[in-house]
Amino acid sequence: MITGLRAEARCLRGLQVTIVCSGARPGRARAEAARLLAEGAAGLVSFGLAAGLAPDLRPGDLVIADAVSLPQGQPRSTDAAWRDRLLAALAEAGIGARIGTVAGIERLLVTPAQKQGLLAVTDALAADMESHAVAEEAGAAGKPFLVVRAISDAAGQPLPASARSFLGLEGRIRPARLLSALARPSELAALLRLGLDTRRALGRLHQVARTAGHCFEPPLPPSARD
């Protein structure tokens, strides 16, 4: 499992999965994905928060990717059998999800205009900073991958300029930098809104892990089922 934040990883507590946090740094996500595969991982899951690109998505909405749009190159499809197994478990638990493309990004999307521009190019539902790294590494290794994302900021919602500065390398919040940002009146309202929306999205991820976490183990290849 590849996440960007420790808060995302905490949603997976109690599951028998290996979890790494990239600190929302695509290069680190790529390196960790490669390491997991080299150590014998049968598949990879990109799990966490995402920026909404589709205008009708709201914070807390769940997106299951059928493909990942790469910053460069053709989209990579997620594993259909694995995805269908997860969607069936979610439906049984009464959890709705949107199915569509998730766009991989190298930098945080701060303004609605940036989100609109990416939507126009990719027609993706959402965007995050780990899924393209997972898609690339899994594809190169011939392994299946899955993308599970909850919307933390809607398409029309700007992010505070300081949003990236208080995130550490291991995906932990830097308290001193967060407090400094909260002390700036121009940042306060946006940070408080982002905090509430992020909490809603993390709650959805926790719900997914609690009710469908057993689906995070990759399906056996056809040769292994015989």
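Counting begins at 1 with the first residue of the sequence.
Residues Val208 and Leu49 share a single hydrophobic cluster, defined by chaining ILVMFWY side chains whose heavy atoms lie under 4.5 Å apart. With hydrophobic clusters built from ILVMFWY side chains whose heavy atoms lie under 4.5 angstrom apart, Leu12 shares a cluster with Leu146. If you chain together hydrophobic residues whose side chains sit under 4.5 Å apart, Ile105 and Val68 never meet in one group. The same ILVMFWY cluster, assembled from side-chain heavy atoms under 4.5 Å apart, contains both Leu87 and Val45. In the hydrophobic clustering of ILVMFWY residues, with side-chain heavy atoms under 4.5 Å counting as a link, Ile95 and Leu202 come out together.
Among residues two or more places apart in sequence or in another chain, the side chain to side chain contact (heavy atoms under 4.5 Å, CB included) test is passed with Ala212 by Leu86, Ala89, Leu90. Not counting sequence neighbours, the partners of Phe47 by the ring-ring contact (aromatic ring centres under 6.0 Å, His included) test are Phe216.
Of all heavy-atom pairs between Pro218 and Ala42, the closest is CG-C, 3.9 Å. Shortest non-hydrogen contact noted between Ala138 and Pro144 is CB-O, 4.2 Å. Nearest heavy-atom pair across Ala209 and Cys11 is CB-O, 3.2 Å. Here the shortest heavy-atom pairing between Val134 and Ser46 reads CG2-CB, 4.0 Å. In terms of heavy atoms, Ala135 sits closest to Phe145 at CB-CZ, 3.5 Å.
Remark: Thr78 OG1 to Ile64 CD1 distance equals 9.0 Å, nearest 0.5 Å. The structure places CG of Asp66 at 5.5 Å from CZ of Arg83, a figure rounded to the nearest 0.5 Å. The SG atom of Cys21 lies 9.0 Å from the CD1 atom of Ile2; values are rounded to the nearest 0.5 Å. His206 NE2 to Arg13 CZ: the interatomic distance, rounded to the nearest 0.5 Å, is 9.5 Å. Remark: Arg76 CZ to Ser69 OG distance equals 11.5 Å, nearest 0.5 Å. From Leu196, atom CG reaches atom CZ of Arg200 across 7.0 Å, with rounding to the nearest 0.5 Å.
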With a cut-off of 3.5 Å and sequence neighbours excluded, list every side-chain donor-acceptor pair involving residues 32-40.
from: Glu32; atom 1: OE1; to: Arg35; atom 2: NE; distance (Å): 2.8
from: Glu32; atom 1: OE1; to: Arg35; atom 2: NH2; distance (Å): 2.8
from: Arg35; atom 1: NH1; to: Glu39; atom 2: OE1; distance (Å): 3.2
from: Arg35; atom 1: NH1; to: Glu39; atom 2: OE2; distance (Å): 3.1

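In this structure, the side chains of Asp128 and Val102 come closer than 4.5 Å at one or more pairs of heavy atoms. Annotation: side chain of Lys143 is not in contact with side chain of Leu44 (no heavy-atom distance under 4.5 Å). In this structure the side chain of Leu62 reaches within 4.5 angstrom of the side chain of Val148, judged on heavy atoms.
Between the side chain of Lys115 and the main chain of Pro55, no donor-acceptor pair closer than 3.5 Å is present. Side-chain atoms of Gln114 come within 3.5 Å of backbone N or O of Val110 as a donor-acceptor pair. In this structure, Glu8 contributes its side chain and Gly4 its backbone to a donor-acceptor pair below 3.5 Å.
Side-chain contact, Gln207 with Arg210: no donor N or O sits under 3.5 Å from an acceptor N or O.
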CA sep, side-chain torsions, deciding dist, call: Asp61, Arg98, side-chain contact (heavy atoms from CB on, under 4.5 Å):
CA-CA 8 Å; Asp61 286 348; Arg98 287 282 294 276; 5.9 Å; no
Does the side-chain contact (heavy atoms from CB on, under 4.5 Å) test come out yes or no for Leu109 and Leu53, once each step is laid out? CA-CA 10 Å; Leu109 299 174; Leu53 300 182; 3.9 Å; yes
Show, in sequence, the C-alpha distance, side-chain angles and deciding distance for Gln157 and Asp197, and conclude whether the side-chain contact (heavy atoms from CB on, under 4.5 Å) test is met.
CA-CA 11 Å; Gln157 179 180 345; Asp197 290 342; 3.1 Å; yes
Q.
Run His132 and Glu106 through side-chain contact (heavy atoms from CB on, under 4.5 Å) and show every step you take.
A. CA-CA 9 Å; His132 61 301; Glu106 293 288 325; 2.8 Å; yes
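A salt bridge links Glu130 and Arg149; the closest N-O separation between the charged side-chain nitrogens and carboxylate oxygens is under 4.0 Å.
Atom CG of Asp123 has 12 or fewer heavy atoms from other residues, nucleotides or ligands within 6.0 Å.
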